[in-house]
Amino acid sequence: MMVARWSIDARFGYKPLVVEEMKRWLREIGSQVGWTPANARLLNGSVGVRESTIQSEILVEDLAALGAAWEQLARIDAHKAWSKGLEPYIVSGTQKWEIYRVVELD
């Protein structure tokens, strides 16, 4: 298993709006590629990190599954429109993916 974490920073004063848009994206768009509350969650910066940071964290089987989901997302027009609509409310250049392998505890 792997955790794919997408991170973005909201512009000052727009964090609540960006969080709501991220929630909407997961409900309406992410769910189309299998990203649901069962394998996804949202995180918001609190202590020791920027409070403006919002992350979506997705549990995936492997890199192939993540790659397949990304390919599906690229074909969803609503995803493209959502991304363009979000742009005025985020800090340009802060978006990034981080991929972590899950270490099973014995």
Side-chain angles (χ1 to χ4, degrees):
M1 297 299 284
M2 303 183 98
V3 172
R5 186 179 294 161
W6 188 67
S7 188
I8 197 147
D9 284 0
R11 293 175 60 102
F12 183 78
Y14 291 106
K15 182 173 67 173
L17 184 144
V18 174
V19 167
E20 286 306 312
E21 280 299 304
M22 295 283 285
K23 287 179 184 180
R24 185 175 71 81
W25 184 93
L26 280 168
R27 275 191 318 270
E28 298 175 9
I29 299 166
S31 62
Q32 294 181 49
V33 299
W35 296 351
T36 67
N39 63 359
R41 65 182 177 178
L42 289 178
L43 307 169
N44 181 209
S46 186
V47 177
V49 297
R50 287 185 299 270
E51 289 184 30
S52 61
T53 299
I54 300 115
Q55 296 181 338
S56 59
E57 193 174 83
I58 314 296
L59 187 61
V60 295
E61 186 64 34
D62 53 29
L63 288 174
L66 180 59
W70 284 344
E71 286 178 17
Q72 285 180 286
L73 284 172
R75 294 189 298 270
I76 299 173
D77 289 336
H79 173 65
K80 294 172 193 169
W82 177 86
S83 297
K84 289 182 187 284
L86 187 66
E87 192 276 330
Y89 308 108
I90 60 167
V91 178
S92 184
T94 60
Q95 65 275 15
K96 68 176 180 174
W97 280 97
E98 297 175 306
I99 313 301
Y100 294 87
R101 292 189 187 281
V102 174
V103 177
E104 298 297 331
L105 301 176
D106 299 328

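Computed from heavy atoms alone, side chains included, the values below leave out hydrogens, waters and symmetry copies. A quick note: this is a predicted structure, and the numbers were derived from the prediction, not measured.
Here Met22 contributes atom CE and Arg27 contributes atom CZ; the two are 12.5 Å apart, rounded to the nearest 0.5 Å. Remark: Ser92 OG to Arg11 CZ distance equals 9.5 Å, nearest 0.5 Å. Of the inter-residue distances, the one linking Ile29 atom CD1 with Gln72 atom CD reads 13.0 Å to the nearest 0.5 angstrom. Distance check, rounded to the nearest 0.5 Å: CZ of Arg5 to CD1 of Ile58 gives 11.0 Å. Atoms CD1 and CD, on Ile90 and Gln95 in that order, are 5.0 Å from each other to the nearest 0.5 Å. Taken from OH in Tyr14 to CD in Glu20, the straight-line distance is 16.0 Å, to the nearest 0.5 Å.
In this structure, the ring of Trp6 has its center no less than 6.0 angstrom from the ring center of Trp35.
Counting non-hydrogen atoms of other residues, nucleotides and ligands closer than 6.0 Å to NZ of Lys96 gives a total of 12 or fewer.
Between Tyr89 and Val18, the shortest heavy-atom contact is O-CG2, 3.6 Å. Ala10 approaches Lys15 most closely through the heavy-atom pair CB-CA, 3.7 Å. Of all the heavy atoms in Gly34 and Asn39, the pair that sits closest is O-ND2, 3.0 Å. Scanning all heavy atoms of the two residues, the minimum distance from Glu61 to Met1 falls at OE1-SD, 3.3 Å. Considering all non-hydrogen atoms of both residues, Asp9 and Arg50 come closest at OD2-NE, 2.7 Å. Across all their heavy atoms, Leu73 and His79 have their closest contact at O-CD2, 3.6 Å.
Val49 and Ile54 are not part of a single hydrophobic cluster, where members link through side-chain heavy atoms under 4.5 Å apart. Using a 4.5 Å cut-off between side-chain heavy atoms of Ile, Leu, Val, Met, Phe, Trp and Tyr, with links allowed through other members, Leu59 and Leu63 fall into different hydrophobic clusters. Two different hydrophobic clusters hold Leu43 and Val3 under the rule that ILVMFWY side chains link at heavy-atom gaps under 4.5 Å. Follow the hydrophobic side-chain contacts under 4.5 Å out from Trp25 and you never reach Val91; the two are in separate clusters. Hydrophobic clustering places Tyr100 together with Val102 (ILVMFWY residues linked when any side-chain heavy atoms are closer than 4.5 Å, directly or through intermediates).
For Glu87 and Lys84, the salt-bridge test fails: no basic side-chain N is under 4.0 Å from an acidic carboxylate O.
Using modelled atom types, one side-chain atom of Asn44 and one backbone atom of Thr53 make a donor-acceptor pair closer than 3.5 Å.
Side chains of Trp82 and Glu21: a donor on one and an acceptor on the other come within 3.5 Å.
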